[in-house]
Amino acid sequence: MKNLIRAAAFAPRVTVGGAESNRTQIASLLHKAAEQKCDLAVFPELCLTGSTCGDLFLQPFLTEHAYAALNNLIPLTDCGLTAVVGLPWRQDGKLYDCAAVLQGGKLRVLVPKRRLSARERRYFSVYAGEPKEILLPDGGVCIFGDTVLDLGNGFTLGIAIGRDSADAGAGAAVLACPDADCELVGRAERRRTMLAARSADRLCAVVYANAGEGESTTDYVFGGHRMICENGRVRRESTPFSDKQVCYDIDPDFLLRERAKNDAFAPRRDIVFRFGGARSKKTNILRDYSPLPFVPEDKAERARRCREILDMQSAGLKQRLLHTRTKRCVIGISGGLDSTLALLVTARTYAELGMPSSDILCVTMPCFGTTARTKNNAVALCSSLGVSLREVPIADAVRVHFRDIGHDESKHDVTYENAQARERTQVLMDIANASGGLVVGTGDLSELALGWATYNGDHMSMYGVNASVPKTLVRHLVAYCAAESTPALREVLEDILATPVSPELLPPENGNISQKTEDLVGPYELHDFFLYHFLRGGYPPAKLLAAAAQAFEGVYPSEVLLRWMETFFRRFFAQQFKRSCLPDGPKVGTVGVSPRGDLCLPSDASNELWLREIEELKR
């Protein structure tokens with residue numbers, strides 16, 4: 001069939017800061033595109049250097065090598081292939097996030113008018129002038145302020161990079177969308193909806209290429225999501241973390257016919273609607289609030305979400321192991337939910353890497369509060385997963401420490417508890433050093449939000465896989481793994497799920513857990529609800545109370561909601577200093593507390609306004 005445009009979207013395994021390595025990867029994929037007779041190949045945003053270079057973008061040395069790598073790619077498009085490659089471009093002393101269009105041995109660098117996030121503005125400039133072109137010394141051209149190119153034969157190509165406005169590339173028959181968007185829970189579905197809608201609104205085809213797993217670092221993971229949409233439909237797609245090829249024949253004639261018969265394609269006048277007068281206070285909320293905002297209510301959707309999160313956790317840990325060339329992971333295993341999830345994620349990662357599970361070293365460290373139930377579950381869990389297990393009793397070491405600092409062992413205060421947590425972390429770190437390993441942290445998002453972690457104790461690790469997973473979701477992730485497991489593993493996971501949440505730092509009573517976390521800090525379902533709506537929606541206490549009263553109607557009265565809301569705001573603000581120095585860990589959802597990408601909160605910020613409103617609500 002004539003006049004089809006064969007488009008492909010690629011996500012090379014980028015080496016962050018390695019322009020030459022990335023050139024080799026891109027060149028290999030361009031050869032593949034040529035063999036498949038592709039007309040258009042779209043690569044991710046900033047893929048020549050990696051989008052997560054941080055302050056390396058401030059080094060001209062990096063951008064010089066990126067430009068040299070780009071020039072080496074130009075001859076590969078002499079076959080009629082058009083390639084869109086993202087790179088940082090330095091012009092007149094300013095750095096821009098650009099897309100290079102390579103076609104027929106020619107180079108065009110597009111410097112679009114676009115929006116930048118606060119983090120991007122640290123490195124990149126925004127071009128706000130009139131459209132212009134600058135000839136480059138090697139015969140190429142740098143185009144400022146325009147995002148549509150006429151590539152001949154009726155083929156108009158638009159470029160929309162990352163967070164470009166809705167006008168970017170308007171009018172083009174095919175829209176190339178290079179992006180570097182981290183994977184979060186639900187983000188893939190959001191992209192799918194937005195890109196399909198954009199192709200429907202513009203009556204065009206959209207070729208989307210997102211950054212791949214090689215860019216996963218520190219707090220983010222990238223899945224290489226690629227997609228081709230045409231006139232409102234997703235025609236080809238690779239789900240995140242998939243190697244599926246994305247290649248599709250776009251029919252520009254079909255799109256032109258659609259445009260000709262669709263009056264809505266003409267430019268439209270924007271209409272702004274404003275609310276008249278003051279908005280009245282709502283007494284009944286015409287809105288549904290889920291008591292578990294982090295957990296989908298639909299069973300099938302919940303299972304899909306669990307798979308997606310486990311994929312992201314594993315992808316982050318996998319990249320860290322590959323980057324550090326580490327073979328052994330060390331995990332403190334307690335028989336509780338968090339350490340169980342961390343071990344399940346690690347075992348999943350080792351399976352994906354083809355590494356023996358016996359290289360995972362679990363360490364159980366019984367002390368004053370350890371019960372037979374949790375210890376036995378920890379042993380059974382390790383046995384079912386085929387990982388190595390070492391027992392290191394720490395009671396004697398903690399008693400020596402009490403003697404050294406002059407602490408009375410009969411005084412069960414915060415020193416008594418934290419000395420055990422810090423001793424456990426010291427043991428894990430030293431075993432990791434001795435075995436050339438990496439300590440995998442177990443703490444979850446809810447604990448970090450409340451500061452329910454011992455500073456430089458369980459607060460610290462070398463990579464925290466659960467750092468952005470709230471407690472209410474941890475339980476469902478473990479339950480999902482249990483449902484997918486062998487009978488022996490399922491049995492132990494179900495008993496772990498039935499065990500009360502506890503740090504087990506105080507002596508047991510009659511062999512049973514005496515210290516239940518939710519008796520001390522409050523129900524995690526409430527704290528996760530508060531956390532979600534406070535950080536995601538910016539809810540003040542009064543609005544938070546109204547939402548919680550609807551979500552937990554018949555479960556918690558208002559006075560109980562206010563009691564634990566006060567606890568939440570007291571702890572959340574007071575414990576920020578612990579979150580200011582968190583270890584790396586993958587972000588999996590829209591709510592996070594990492595100081596690097598989510599929560600920019602001063603450690604000494606005051607909670608006065610929030611607590612004052614809570615007091616007024618109590619009255």
Side-chain angles (χ1 to χ4, degrees), residues 10-33 41-78 81-103 105-112 114 116 119-127 134-144 159 161-162 176 178-180 209-218 220 222 224 319 322-325:
F10 294 105
R13 187 170 186 87
V14 166
T15 300
V16 177
E20 184 56 29
S21 298
N22 297 333
R23 181 202 66 79
T24 303
Q25 287 279 325
I26 295 169
S28 173
L29 293 172
L30 285 175
H31 283 300
K32 181 178 180 180
V42 178
F43 292 84
E45 179 183 3
L46 296 168
C47 61
L48 265 176
T49 59
S51 65
T52 54
C53 286
D55 283 3
L56 290 179
F57 283 128
L58 304 177
Q59 301 289 330
F61 182 76
L62 177 67
T63 51
E64 289 167 7
H65 277 266
Y67 181 63
L70 179 67
N71 278 324
N72 289 330
L73 292 173
I74 295 173
L76 301 180
T77 60
D78 273 330
L81 174 66
T82 299
V84 178
V85 181
L87 81 160
W89 183 267
R90 197 175 296 279
Q91 187 75 34
D92 300 327
K94 295 182 178 179
L95 189 65
Y96 299 94
D97 181 354
C98 300
V101 180
L102 315 177
Q103 185 198 39
K106 296 181 180 179
L107 169 66
R108 297 179 178 91
V109 178
L110 270 66
V111 183
R114 55 168 307 207
L116 298 177
R119 182 180 293 270
E120 288 172 320
R121 286 195 293 270
R122 177 179 172 89
Y123 311 111
F124 300 107
S125 297
V126 176
Y127 180 74
I134 296 177
L135 293 178
L136 302 174
D138 50 11
V141 61
C142 188
I143 304 172
F144 286 78
I159 306 292
I161 303 174
D179 199 4
N210 195 20
E213 290 185 65
E215 291 221 45
S216 299
T217 184
T218 311
Y220 302 103
F222 297 81
Q319 175 64 16
L322 291 172
H323 178 69
T324 57
R325 300 181 181 179

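Heavy-atom basis, side chains included; hydrogens, waters and symmetry copies ignored.
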Hey, mind stepping through T217 and Q319 against side-chain contact (heavy atoms from CB on, under 4.5 Å) and telling me if it holds?
CA-CA 7 Å; T217 184; Q319 175 64 16; 5.7 Å; no

Check the pair T52, T218 against side-chain contact (heavy atoms from CB on, under 4.5 Å), reporting the backbone distance first and the verdict last.
CA-CA 9 Å; T52 54; T218 311; over 6 Å; no

F57/T49 under side-chain contact (heavy atoms from CB on, under 4.5 Å): CA gap, chis, key distance, verdict
CA-CA 9 Å; F57 283 128; T49 59; 3.6 Å; yes

Stepwise side-chain contact (heavy atoms from CB on, under 4.5 Å) check, L322 with R13
CA-CA 12 Å; L322 291 172; R13 187 170 186 87; 3.5 Å; yes

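Looking at every heavy atom in both residues, N210 comes nearest to A11 through O-CB, 3.5 Å. Looking at every heavy atom in both residues, C98 comes nearest to V111 through SG-CG2, 3.7 Å. Counting all heavy atoms, side chain and backbone alike, S21 lies closest to T15 at CB-OG1, 3.9 Å. For the pair N72 and R23, the tightest heavy-atom approach, listed with the atom from each and the gap, is CB-CD, 3.5 Å. The minimum heavy-atom distance between P88 and F124, with the atom names listed, is CB-CE2, 4.1 Å. Nearest heavy-atom pair, V42 versus P178, reported as atom, atom and distance to 0.1 Å: CG1-N, 4.4 Å.
The one candidate from L107, V109, D92 that meets the side-chain contact (heavy atoms from CB on, under 4.5 Å) condition with C142 is V109.
N22 places no side-chain N or O within 3.5 Å of a backbone atom of V14 that could act as its donor or acceptor partner. In this structure, the side chain of S125 does not engage the main chain of Y96 through any donor-acceptor pair within 3.5 Å. Distance alone, capped at 3.5 Å, is enough to place a donor-acceptor pair between the T63 side chain and the P60 backbone. With E215 contributing its side chain and S51 its backbone, the two residues share a donor-acceptor pair below 3.5 Å. The main-chain N or O of A180 is found under 3.5 Å from a side-chain atom of E45 such that the two form a donor-acceptor pair.
Q103 contributes atom CD, which lies 10.5 Å from atom CG of D78 (distance to the nearest 0.5 angstrom). Atoms CG and CD1, from L70 and I26 in turn, are 8.5 Å apart once rounded to the nearest 0.5 Å. For the atom pair CD1 (I134) and CZ (F144), the distance works out to 4.0 Å, reported to the nearest 0.5 Å. Separation of atoms CG (L46) and CG (D179) is listed at 10.0 Å; rounding is to 0.5 Å. Atom-to-atom distance recorded for L30:CG and F43:CZ is 4.0 Å, nearest 0.5 angstrom. Expressed to the nearest 0.5 Å, how far CG of D55 lies from CZ of R122 amounts to 4.0 Å.
In this structure R90 satisfies the salt bridge (charged side-chain N to carboxylate O under 4.0 Å, His left out) test with no other residue, sequence neighbours excluded.
Taking 4.5 Å as the limit, some side-chain heavy atom of P112 sits within range of a side-chain heavy atom of I161. Side-chain contact between L81 and L76 is absent, with no heavy-atom pair separated by less than 4.5 Å.
Ring geometry for Y67 versus W89: interplanar angle over 60°, hence perpendicular rather than tilted (30 to 60°).
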